[in-house]
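The structure under discussion appears below in the form of C-alpha coordinates.
This is a predicted model, so every value here is computed, not measured. Per chain, numbering begins at 1; letters A, B, ... match sequence-line order.
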2 protein chains.
Amino acid sequence: MARTPRDVTDAELEVLRALWDLPEATIRALADRVYPNGGASEYATVQKLLERLEDKGHVAHRSEGRQNVYTARLGREDLVALRLRETADSLCGGSFTPLLTHLVSGARLSARELRDLRRLVDSLGERR
Amino acid sequence: MARTPRDVTDAELEVLRALWDLPEATIRALADRVYPNGGASEYATVQKLLERLEDKGHVAHRSEGRQNVYTARLGREDLVALRLRETADSLCGGSFTPLLTHLVSGARLSARELRDLRRLVDSLGERR
DNA sequence: CGTCTTCTCAGACGTTACGTCTGAGAATCT
DNA sequence: AGATTCTCAGACGTAACGTCTGAGAAGACG
(Lines give C-alpha, C1' and ligand atoms only; values in the text may rest on other atoms or scores of the structure.)
Protein backbone atom coordinates (compact mmCIF):
# COMPACT_ATOMS: atom_id res chain seq x y z
CA MET A 1 0.00 0.00 0.00
CA ALA A 2 1.55 3.20 -1.11
CA ARG A 3 0.69 6.14 1.04
CA THR A 4 -0.86 9.04 -0.87
CA PRO A 5 0.14 12.49 0.36
CA ARG A 6 -2.69 14.83 1.10
CA ASP A 7 -3.82 17.22 -1.61
CA VAL A 8 -3.67 20.11 0.84
CA THR A 9 -2.48 19.72 4.40
CA ASP A 10 -3.76 21.55 7.45
CA ALA A 11 -1.09 24.21 7.55
CA GLU A 12 -1.18 24.59 3.79
CA LEU A 13 -4.91 25.14 3.94
CA GLU A 14 -4.41 27.92 6.44
CA VAL A 15 -2.18 29.70 3.97
CA LEU A 16 -4.58 29.03 1.14
CA ARG A 17 -7.39 30.53 3.17
CA ALA A 18 -5.35 33.66 3.67
CA LEU A 19 -4.70 33.76 -0.05
CA TRP A 20 -8.39 33.48 -0.78
CA ASP A 21 -9.01 36.56 1.32
CA LEU A 22 -6.02 38.47 -0.04
CA PRO A 23 -6.04 37.51 -3.70
CA GLU A 24 -2.67 39.08 -4.41
CA ALA A 25 -0.44 38.82 -1.44
CA THR A 26 3.20 38.94 -0.53
CA ILE A 27 4.66 36.37 1.82
CA ARG A 28 4.79 38.94 4.59
CA ALA A 29 1.13 39.78 4.23
CA LEU A 30 0.23 36.11 4.44
CA ALA A 31 2.58 35.45 7.33
CA ASP A 32 1.16 38.39 9.26
CA ARG A 33 -2.30 37.01 8.72
CA VAL A 34 -1.61 33.38 9.49
CA TYR A 35 0.78 34.04 12.38
CA PRO A 36 -0.10 37.43 13.88
CA ASN A 37 3.01 38.86 15.54
CA GLY A 38 5.13 35.97 14.41
CA GLY A 39 8.82 36.37 13.79
CA ALA A 40 11.31 35.31 11.16
CA SER A 41 10.77 31.61 11.53
CA GLU A 42 7.03 31.85 11.02
CA TYR A 43 7.72 33.88 7.93
CA ALA A 44 9.94 31.09 6.67
CA THR A 45 7.29 28.53 7.48
CA VAL A 46 4.74 30.31 5.34
CA GLN A 47 7.36 30.56 2.67
CA LYS A 48 7.93 26.81 2.70
CA LEU A 49 4.23 26.08 2.69
CA LEU A 50 3.80 28.32 -0.32
CA GLU A 51 6.65 26.52 -2.04
CA ARG A 52 4.99 23.17 -1.46
CA LEU A 53 1.64 24.52 -2.59
CA GLU A 54 3.30 25.76 -5.73
CA ASP A 55 4.86 22.36 -6.35
CA LYS A 56 1.37 20.94 -6.27
CA GLY A 57 0.21 23.60 -8.69
CA HIS A 58 -2.17 25.19 -6.23
CA VAL A 59 -0.61 28.62 -6.11
CA ALA A 60 1.55 30.65 -8.45
CA HIS A 61 3.85 33.58 -7.92
CA ARG A 62 5.34 36.34 -9.97
CA SER A 63 8.20 38.46 -8.80
CA GLU A 64 7.19 42.05 -8.48
CA GLY A 65 10.17 44.26 -7.94
CA ARG A 66 12.17 42.74 -5.18
CA GLN A 67 9.52 40.54 -3.70
CA ASN A 68 7.23 37.75 -4.79
CA VAL A 69 3.50 38.13 -5.11
CA TYR A 70 1.45 34.99 -4.73
CA THR A 71 -1.94 34.13 -6.12
CA ALA A 72 -4.10 31.09 -5.65
CA ARG A 73 -4.64 28.88 -8.66
CA LEU A 74 -6.87 26.61 -6.65
CA GLY A 75 -10.06 28.30 -5.49
CA ARG A 76 -12.21 27.24 -2.60
CA GLU A 77 -14.69 25.69 -5.03
CA ASP A 78 -11.93 23.85 -6.81
CA LEU A 79 -10.81 22.32 -3.57
CA VAL A 80 -14.36 21.40 -2.71
CA ALA A 81 -14.64 19.76 -6.10
CA LEU A 82 -11.39 17.93 -5.55
CA ARG A 83 -12.47 16.62 -2.18
CA LEU A 84 -15.83 15.54 -3.53
CA ARG A 85 -14.22 13.69 -6.37
CA GLU A 86 -11.82 12.00 -4.00
CA THR A 87 -14.58 10.64 -1.84
CA ALA A 88 -16.68 9.70 -4.83
CA ASP A 89 -13.76 7.83 -6.35
CA SER A 90 -12.64 6.04 -3.22
CA LEU A 91 -16.07 5.26 -1.84
CA CYS A 92 -18.71 5.40 -4.55
CA GLY A 93 -16.98 4.01 -7.59
CA GLY A 94 -16.61 7.48 -8.99
CA SER A 95 -20.28 8.31 -9.02
CA PHE A 96 -21.58 11.49 -7.49
CA THR A 97 -25.14 10.35 -6.97
CA PRO A 98 -24.54 8.63 -3.64
CA LEU A 99 -23.07 11.87 -2.37
CA LEU A 100 -26.07 13.77 -3.64
CA THR A 101 -28.67 11.51 -2.16
CA HIS A 102 -26.83 11.50 1.12
CA LEU A 103 -26.66 15.25 1.19
CA VAL A 104 -30.24 15.79 0.15
CA SER A 105 -31.80 13.24 2.44
CA GLY A 106 -29.32 13.17 5.29
CA ALA A 107 -28.35 16.76 5.76
CA ARG A 108 -31.18 18.63 7.35
CA LEU A 109 -31.67 21.54 5.03
CA SER A 110 -33.55 24.62 5.98
CA ALA A 111 -36.69 25.51 4.06
CA ARG A 112 -34.73 28.18 2.32
CA GLU A 113 -31.91 25.87 1.30
CA LEU A 114 -34.44 23.39 0.07
CA ARG A 115 -36.21 25.98 -2.03
CA ASP A 116 -32.94 27.14 -3.52
CA LEU A 117 -31.97 23.61 -4.28
CA ARG A 118 -35.27 22.86 -5.95
CA ARG A 119 -34.92 25.94 -8.06
CA LEU A 120 -31.45 24.86 -9.05
CA VAL A 121 -32.57 21.39 -10.00
CA ASP A 122 -35.50 22.76 -11.95
CA SER A 123 -33.36 25.17 -13.89
CA LEU A 124 -31.02 22.36 -14.74
CA GLY A 125 -33.80 20.11 -15.89
CA GLU A 126 -35.32 22.65 -18.21
CA ARG A 127 -32.07 23.45 -19.87
CA ARG A 128 -32.17 20.32 -21.99
CA MET B 1 -0.39 23.72 13.42
CA ALA B 2 -1.17 20.36 14.83
CA ARG B 3 -1.31 17.61 12.25
CA THR B 4 -4.63 15.76 12.26
CA PRO B 5 -4.39 12.04 11.54
CA ARG B 6 -6.62 10.78 8.80
CA ASP B 7 -9.98 9.31 9.74
CA VAL B 8 -9.26 6.23 7.63
CA THR B 9 -5.98 5.71 5.84
CA ASP B 10 -5.45 4.03 2.49
CA ALA B 11 -4.52 0.62 3.85
CA GLU B 12 -7.19 0.81 6.51
CA LEU B 13 -9.78 1.56 3.84
CA GLU B 14 -8.73 -1.54 1.98
CA VAL B 15 -9.48 -3.61 5.04
CA LEU B 16 -12.74 -1.77 5.62
CA ARG B 17 -13.77 -2.50 2.07
CA ALA B 18 -13.16 -6.17 2.64
CA LEU B 19 -15.22 -5.96 5.81
CA TRP B 20 -18.06 -4.36 3.93
CA ASP B 21 -18.13 -7.29 1.56
CA LEU B 22 -17.68 -9.89 4.29
CA PRO B 23 -19.80 -8.49 7.11
CA GLU B 24 -18.56 -10.99 9.66
CA ALA B 25 -15.02 -11.92 9.00
CA THR B 26 -12.03 -13.39 10.73
CA ILE B 27 -8.63 -11.83 10.30
CA ARG B 28 -7.59 -14.63 8.02
CA ALA B 29 -10.54 -14.16 5.72
CA LEU B 30 -9.76 -10.46 5.46
CA ALA B 31 -6.07 -11.04 4.98
CA ASP B 32 -6.74 -13.56 2.22
CA ARG B 33 -8.94 -11.03 0.51
CA VAL B 34 -6.73 -8.00 0.88
CA TYR B 35 -3.46 -9.82 0.24
CA PRO B 36 -4.20 -12.89 -1.88
CA ASN B 37 -1.52 -15.50 -1.25
CA GLY B 38 0.14 -13.37 1.38
CA GLY B 39 2.10 -14.90 4.22
CA ALA B 40 2.35 -14.40 7.94
CA SER B 41 3.51 -10.82 7.80
CA GLU B 42 0.59 -9.71 5.66
CA TYR B 43 -1.68 -11.39 8.14
CA ALA B 44 -0.08 -9.38 10.91
CA THR B 45 -0.44 -6.22 8.88
CA VAL B 46 -4.17 -6.72 8.54
CA GLN B 47 -4.26 -7.44 12.23
CA LYS B 48 -2.59 -4.17 13.06
CA LEU B 49 -4.82 -2.24 10.70
CA LEU B 50 -7.86 -3.76 12.35
CA GLU B 51 -6.49 -2.80 15.73
CA ARG B 52 -6.06 0.78 14.66
CA LEU B 53 -9.50 0.82 13.08
CA GLU B 54 -10.89 -0.45 16.33
CA ASP B 55 -9.09 2.28 18.26
CA LYS B 56 -10.88 4.76 16.08
CA GLY B 57 -14.16 3.01 16.76
CA HIS B 58 -14.68 2.01 13.16
CA VAL B 59 -14.73 -1.74 13.65
CA ALA B 60 -15.53 -4.04 16.54
CA HIS B 61 -14.65 -7.59 17.29
CA ARG B 62 -15.95 -10.36 19.44
CA SER B 63 -13.98 -13.47 20.20
CA GLU B 64 -15.69 -16.51 18.82
CA GLY B 65 -14.08 -19.63 20.14
CA ARG B 66 -10.39 -19.25 19.63
CA GLN B 67 -10.45 -16.54 17.04
CA ASN B 68 -11.76 -13.04 16.68
CA VAL B 69 -14.59 -12.10 14.39
CA TYR B 70 -14.62 -8.55 13.17
CA THR B 71 -17.52 -6.41 12.04
CA ALA B 72 -17.60 -2.90 10.66
CA ARG B 73 -19.19 -0.27 12.82
CA LEU B 74 -18.60 2.32 10.16
CA GLY B 75 -20.52 1.68 6.96
CA ARG B 76 -19.69 2.99 3.57
CA GLU B 77 -22.39 5.62 3.91
CA ASP B 78 -21.09 6.64 7.30
CA LEU B 79 -17.68 7.23 5.86
CA VAL B 80 -19.17 9.18 2.99
CA ALA B 81 -21.03 11.28 5.53
CA LEU B 82 -17.86 11.77 7.52
CA ARG B 83 -15.91 12.90 4.51
CA LEU B 84 -18.65 15.24 3.44
CA ARG B 85 -18.82 16.78 6.86
CA GLU B 86 -15.07 17.21 6.93
CA THR B 87 -15.00 19.11 3.69
CA ALA B 88 -18.05 21.13 4.65
CA ASP B 89 -16.44 22.06 7.95
CA SER B 90 -13.03 22.90 6.62
CA LEU B 91 -14.11 24.63 3.44
CA CYS B 92 -17.71 25.79 3.69
CA GLY B 93 -18.07 26.90 7.28
CA GLY B 94 -19.95 23.73 8.07
CA SER B 95 -22.71 24.26 5.56
CA PHE B 96 -23.67 21.55 3.13
CA THR B 97 -25.29 23.77 0.56
CA PRO B 98 -22.11 24.71 -1.27
CA LEU B 99 -21.40 21.02 -1.69
CA LEU B 100 -24.88 20.50 -3.01
CA THR B 101 -24.85 23.33 -5.48
CA HIS B 102 -21.47 22.24 -6.68
CA LEU B 103 -22.61 18.69 -7.19
CA VAL B 104 -25.84 19.65 -8.85
CA SER B 105 -24.45 22.28 -11.18
CA GLY B 106 -20.89 21.13 -11.61
CA ALA B 107 -21.14 17.40 -11.86
CA ARG B 108 -22.69 16.47 -15.15
CA LEU B 109 -25.55 14.29 -14.17
CA SER B 110 -27.29 12.00 -16.55
CA ALA B 111 -30.94 12.61 -17.34
CA ARG B 112 -31.79 9.68 -15.17
CA GLU B 113 -29.78 10.90 -12.21
CA LEU B 114 -31.35 14.29 -12.63
CA ARG B 115 -34.85 12.86 -12.62
CA ASP B 116 -34.11 10.81 -9.54
CA LEU B 117 -32.69 13.82 -7.82
CA ARG B 118 -35.70 15.95 -8.65
CA ARG B 119 -37.97 13.29 -7.32
CA LEU B 120 -35.94 13.15 -4.14
CA VAL B 121 -36.06 16.88 -3.67
CA ASP B 122 -39.76 16.98 -4.38
CA SER B 123 -40.51 14.27 -1.89
CA LEU B 124 -38.53 16.14 0.70
CA GLY B 125 -40.31 19.38 0.03
CA GLU B 126 -43.78 17.96 0.38
CA ARG B 127 -43.01 16.33 3.66
CA ARG B 128 -43.30 19.60 5.56
C1' DC C 1 29.95 54.73 2.02
C1' DG C 2 28.59 51.39 5.67
C1' DT C 3 25.23 49.33 8.28
C1' DC C 4 20.54 47.62 8.96
C1' DT C 5 16.69 45.68 7.39
C1' DT C 6 14.03 42.69 4.46
C1' DC C 7 13.68 39.78 0.95
C1' DT C 8 14.77 34.97 -1.48
C1' DC C 9 16.53 30.39 -1.81
C1' DA C 10 18.15 26.05 -0.17
C1' DG C 11 18.26 22.85 3.06
C1' DA C 12 18.08 20.74 7.70
C1' DC C 13 15.58 18.91 11.92
C1' DG C 14 12.23 16.51 14.99
C1' DT C 15 7.91 14.37 15.41
C1' DT C 16 4.38 11.64 13.98
C1' DA C 17 1.71 8.79 10.72
C1' DC C 18 1.63 4.79 8.34
C1' DG C 19 2.60 0.51 6.39
C1' DT C 20 5.02 -3.40 7.45
C1' DC C 21 7.10 -6.94 10.01
C1' DT C 22 8.95 -9.93 14.16
C1' DG C 23 8.67 -12.59 18.22
C1' DA C 24 6.51 -14.79 22.24
C1' DG C 25 2.96 -17.29 24.14
C1' DA C 26 -1.60 -19.82 24.21
C1' DA C 27 -4.88 -22.87 21.99
C1' DT C 28 -6.10 -26.49 18.62
C1' DC C 29 -5.27 -30.15 15.41
C1' DT C 30 -3.31 -34.71 14.07
C1' DA D 1 4.47 -34.44 21.08
C1' DG D 2 4.96 -31.69 17.36
C1' DA D 3 3.10 -28.81 13.93
C1' DT D 4 -0.04 -25.31 13.02
C1' DT D 5 -2.68 -21.22 13.75
C1' DC D 6 -4.29 -17.94 16.48
C1' DT D 7 -3.61 -13.43 19.61
C1' DC D 8 -1.07 -9.71 21.59
C1' DA D 9 2.58 -6.44 22.08
C1' DG D 10 5.91 -3.98 20.18
C1' DA D 11 9.58 -2.61 16.88
C1' DC D 12 11.28 -0.60 12.38
C1' DG D 13 11.90 2.38 8.20
C1' DT D 14 10.17 5.72 5.26
C1' DA D 15 7.81 9.59 4.18
C1' DA D 16 4.93 13.53 5.43
C1' DC D 17 4.55 17.67 7.82
C1' DG D 18 5.40 21.57 10.44
C1' DT D 19 9.03 24.27 11.78
C1' DC D 20 13.31 26.51 11.76
C1' DT D 21 18.31 28.13 10.37
C1' DG D 22 21.74 30.16 7.57
C1' DA D 23 23.72 32.40 3.48
C1' DG D 24 23.41 35.72 0.10
C1' DA D 25 21.26 39.64 -2.68
C1' DA D 26 18.78 44.08 -2.74
C1' DG D 27 17.07 48.47 -0.98
C1' DA D 28 16.68 51.94 2.77
C1' DC D 29 18.99 55.52 5.25
C1' DG D 30 22.18 57.58 8.51
Side-chain angles (χ1 to χ4, degrees), chain A residues 1-19 22 24-71 86 90, chain B residues 1-19 22 24-71 86 90:
Chain A
M1 265 282 94
R3 184 174 3 171
T4 62
R6 237 181 275 200
D7 48 9
V8 173
T9 71
D10 293 343
E12 285 167 4
L13 181 56
E14 223 57 40
V15 173
L16 253 192
R17 258 197 259 273
L19 251 188
L22 280 50
E24 300 244 320
T26 158
I27 301 184
R28 174 137 314 270
L30 295 170
D32 285 349
R33 174 169 269 253
V34 177
Y35 299 98
N37 52 6
S41 53
E42 284 82 1
Y43 179 95
T45 296
V46 171
Q47 193 171 228
K48 174 61 70 181
L49 293 173
L50 281 167
E51 177 189 324
R52 303 221 251 246
L53 280 169
E54 188 157 29
D55 286 345
K56 299 179 185 177
H58 296 158
V59 311
H61 81 276
R62 64 175 194 282
S63 97
E64 181 148 303
R66 189 161 62 101
Q67 55 196 7
N68 289 350
V69 177
Y70 283 82
T71 57
E86 276 173 13
S90 68
Chain B
M1 266 282 93
R3 180 169 14 164
T4 63
R6 237 179 276 199
D7 49 7
V8 173
T9 70
D10 292 344
E12 285 167 4
L13 180 56
E14 223 57 39
V15 173
L16 253 193
R17 257 197 259 272
L19 251 188
L22 280 49
E24 301 244 319
T26 158
I27 302 183
R28 175 137 314 269
L30 295 170
D32 285 350
R33 173 169 271 253
V34 176
Y35 298 98
N37 52 7
S41 53
E42 283 82 1
Y43 179 95
T45 297
V46 172
Q47 193 172 229
K48 174 60 71 180
L49 293 173
L50 282 167
E51 176 190 324
R52 304 219 252 245
L53 279 168
E54 188 157 31
D55 286 345
K56 299 179 186 176
H58 296 159
V59 312
H61 80 276
R62 62 175 195 282
S63 96
E64 180 147 305
R66 187 160 65 102
Q67 55 196 8
N68 290 350
V69 176
Y70 284 81
T71 58
E86 276 173 14
S90 68

Rounded distance in Å - [atom1] ([X]) to [atom2] ([N]):
X	N	atom1	atom2	answer
B:Asp55	D:dG10	CG	P	13 Å
B:Gln47	C:dG19	CD	P	16 Å
B:Gln67	D:dC8	CD	C1'	15 Å
B:Ile27	D:dA9	CD1	P	13 Å
A:Glu64	D:dG27	CD	C1'	16 Å
A:Leu50	D:dC17	CG	C1'	15 Å
A:Leu16	D:dC17	CG	P	14 Å
A:Tyr35	D:dC20	OH	C1'	11 Å

Candidates C:dC9, C:dG19, C:dT22 - which lies nearest the side chain of B:Ala44
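Nearest to the side chain of B:Ala44 among the choices is C:dT22.
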Please pick, from C:dT8, C:dC18, D:dT21, the nucleotide with the shortest atom-to-atom distance to any side-chain atom of B:Arg52.
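Side chain of B:Arg52 sits closest to C:dC18.
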State, with a plain yes or no, whether a side-chain heavy atom of A:Asp7 is found less than 4.5 Å away from one of A:Glu86.
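They are in contact (side-chain heavy atoms under 4.5 Å apart), so the answer is yes.
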Near DNA chain D, under 4.0 Å by heavy atom, which residues of residues 2-14 of chain B?
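Of all residues in residues 2-14 of chain B, the ones placing a heavy atom under 4.0 Å from DNA chain D are B:Arg3.
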Please work out if A:Glu51 contacts a base, only the sugar-phosphate, or nothing of the nucleic acid, heavy-atom cut-off 4.0 Å.
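Counting heavy atoms under 4.0 Å across all strands, no contact is made by A:Glu51.
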Please test A:His58 against A:Val8 for side chain to side chain contact (heavy atoms under 4.5 Å, CB included), starting from the C-alpha separation and ending with a verdict.
CA-CA 9 Å; A:His58 296 158; A:Val8 173; 3.7 Å; yes
State whether A:Glu24 and A:Arg62 are salt-bridged, where the test is any N-O pair (Lys NZ or Arg NE/NH1/NH2 against Asp/Glu carboxylate O) under 4.0 Å.
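Judged by the 4.0 Å cut-off on N to carboxylate O distance, A:Glu24 and A:Arg62 do form a salt bridge.
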Would you call B:Lys56-B:Glu12 a salt bridge at under 4.0 Å N-O?
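Yes, this pair counts.
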Could you tell me the separation between the CG atom of A:Leu50 and the CD1 atom of A:Ile27, rounded to the nearest 0.5 Å?
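Interatomic distance, A:Leu50 CG to A:Ile27 CD1, rounded to 0.5 Å: 6.0 Å.
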Quick one: ring-ring contact (aromatic ring centres under 6.0 Å, His included) pairs with a partner in residues 25-54 of chain A, sequence neighbours left out?
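Found none.
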Do we see a donor-acceptor contact under 3.5 Å between the side chains of A:Asp10 and B:Thr4?
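A pair is found: one side chain offers a donor N or O, the other an acceptor, under 3.5 Å apart.
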Specify the residue among B:Tyr43 and A:Arg66 whose closest nucleotide of DNA chain D lies further upstream toward the 5′ end.
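Its nearest nucleotide lies further toward 5', so the answer is B:Tyr43.
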When you check the phosphate oxygens OP1 and OP2 of C:dC21, does a side-chain N or O of B:Ser41 lie under 4.0 Å from one of them?
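Result: yes.
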